[in-house]
Amino acid sequence: MTLEPADLKAEILRLTRDYSRQVHRGFRPAADPLRVEDDQDGPIPYAGRVFTEDEVAAAVSATLDFWLTLGPEGEAFQQELAGFLGVRTCLAVNSGSSANLLALSALTSPLLPKERRLQPGDEVITCAAGFPTTVTPILQNGCIPVFIDNDPLTGNLRGDQLELAYAPGKTKAVMAAHALGNPFDLGVVLAFCKRHNLWLIEDNCDALGCSYSMPRSLAEELGFSNNSPGLDEGPDRVVRWTGTWGDLSTQSFYPPHHLTMGEGGSVNIVNSALLKRIVESFRDWGRDCWCPSGKDDTCGKRYDWQLGELPSGYDHKYIYSHFGYNLKPLDPQAAIGRVQIRRLPEFIAARKHNWLHLRRGLAPLSDLFSFCLPTHATGFDPEEGTFSWDGSGCRTDCSWFGFLLLVRPEAPFASHDLGRHLAEQKVGTRMLFGGNLLRQPAFVQLRKERPEALRLAVPETPGADQLMRQAIFLGTYPGLTTRMMNREIQLIGDFVSLRQGAAHTPASCV
Ligand SMILES: Cc1ncc(COP(=O)(O)O)c(C=O)c1O
């Protein structure tokens, strides 16, 4: 008996789901009752993809449809992500790095007002420590990154140094990441940008699901009156997701991130229809046309344009207003992403829960470690699991990418000793990515060859150096079980006791 295509597809998907339920059971969220760990003492990665048969079936279904290039799934994904965030548009791309490149490139468009358009030699303020591709698009576009320092306890840019970095007529934008799921001081950054009419690009790659709130009076002064969808802190405050305060923001969907589609990312365009058109153009070869995939004549004037030096009626699909790229992901990736978006609330809650569990478990070691604090927090009460806050009236709610700690200088070991020990015990950790990027070979080389290509707003960046030398982070991803985290806490405690014991052993006994 031959099955009809629809029945065949249903059968393939049924078998796919059965297969995935069996072979991927260790990848389910930690809270999923069907999750099975085959090896109780197996490796504990710092992060990884968390999924069920739903994602696998979505990928197979989209593959059977064989649209391949960004199509119906991509369109739906973009709308669903934009709906979650409450922004005008999300444009799917093939990585967070591509998203950063597009966001910064968009600001070079000749379609923007002359005084705001980034030109070669213009300056963009960023911070010294973090992930390299937050900064490299500035250089790739011939602009000058101007570095301020990081606060070692939040991992974020130091808002108090922004004015030091500002150069009238030169500074056009601020581009920085919310470090490891900890929002930077948006109150200070937005006020600075407003004061000097600067663009703000939020690298939200590690921070999907973080929110930032401020008193309504301050928010309205800065131009914000609405909460993000699903967020509410009462009538006197405005609360919004990070990635929705700036002009543009970016996401990464690489597996360790808050949702994944393998490789992938998005540029979030918060409000501006013009920026949407520009980012789309840069993403799609630089073309002037805005036809969706598979459509040829959305404007109904495909052969009716007379633009510049082009022959009259030249096909609009092949008219280029920018020097663009092609940075789109595939449709099956978007299909996976759509299932993951539905899991976001659960994933965000798990990341918060895991951070708290690790923070409480490691609290007795605070004489050896400084623990990361949410921006605007001044302290943490391990008993209550609550933070005390500074007097700014601004608050953060972190959807943690990782659990960052700094090994205190007086500890009898360094952060890399701890990292090595945990790796030997099959526990994954990471440094704060590139640490102080200015010390990375590519930046050292550039400073040697073309010192004018970048600028330091401050003579020293001790915070970024501290993060590079002393910081290390554990995972908080939703695949971590309580047992795994307890094992991490135990291993760190054992390591510390061992090192303290060795440090306290009299020299004559060694
Ligand atoms: C802050 C930040 N920005 C950008 C990226 C780049 O994302 P992708 O790996 O998807 O290119 C990362 C990567 O983890 C990141 O941490």
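For clarity, every value in this text was computed on a predicted model and none was experimentally measured. Read the numbers this way: they start at 1 and go in the same order the structure lists the ligands and their atoms.
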Close-contact set for ligand 1 against [X] heavy atoms, below 4.0 Å:
X: Ser95; result: 10 (O), 11 (O)
X: Ser252; result: 7 (O), 8 (P), 10 (O)
X: Asn100; result: 3 (N), 4 (C)

Flag for [Y]-[X]: side-chain donor and acceptor within less than 3.5 Å:
X: His376; Y: Thr396; value: no
X: Asn268; Y: Ser249; value: yes
X: His357; Y: Thr482; value: no
X: Arg343; Y: Thr52; value: yes
X: Thr242; Y: His178; value: no
X: Asn100; Y: Thr250; value: yes

Quiz item: Taking the non-hydrogen atoms of His257, is any one of them nearer than 4.0 angstrom to ligand 1?
Solution: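 Under 4.0 Å: yes for His257.
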Practice problem: Compare all side-chain heavy atoms of His196 with those of Thr171 and state whether any distance is below 4.5 angstrom. | Solution: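 Not in contact.
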Part of [X] with heavy atoms under 4.0 Å of ligand 1, whether side chain, backbone, both or neither:
X: Ser97; result: both
X: Thr250; result: neither
X: Phe433; result: side chain

Quick check: does [X] get an N/O under 3.5 Å from an N/O on ligand 1?
X: Asp203; value: yes
X: Gly96; value: yes
X: Ser98; value: no
X: Tyr254; value: no

Practice problem: Using modelled atom types only, decide if a donor and an acceptor are shared between the side chain of Asp122 and the backbone of Lys172 within a distance under 3.5 Å. | Solution: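 Here the side-chain-to-backbone pair does not exist.
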Quiz item: Looking at atom 1 (C) of ligand 1, what's its closest protein heavy atom, distance included?
Solution: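 Residue, atom and distance for the closest contact: Asp206 OD2, 3.3 Å.
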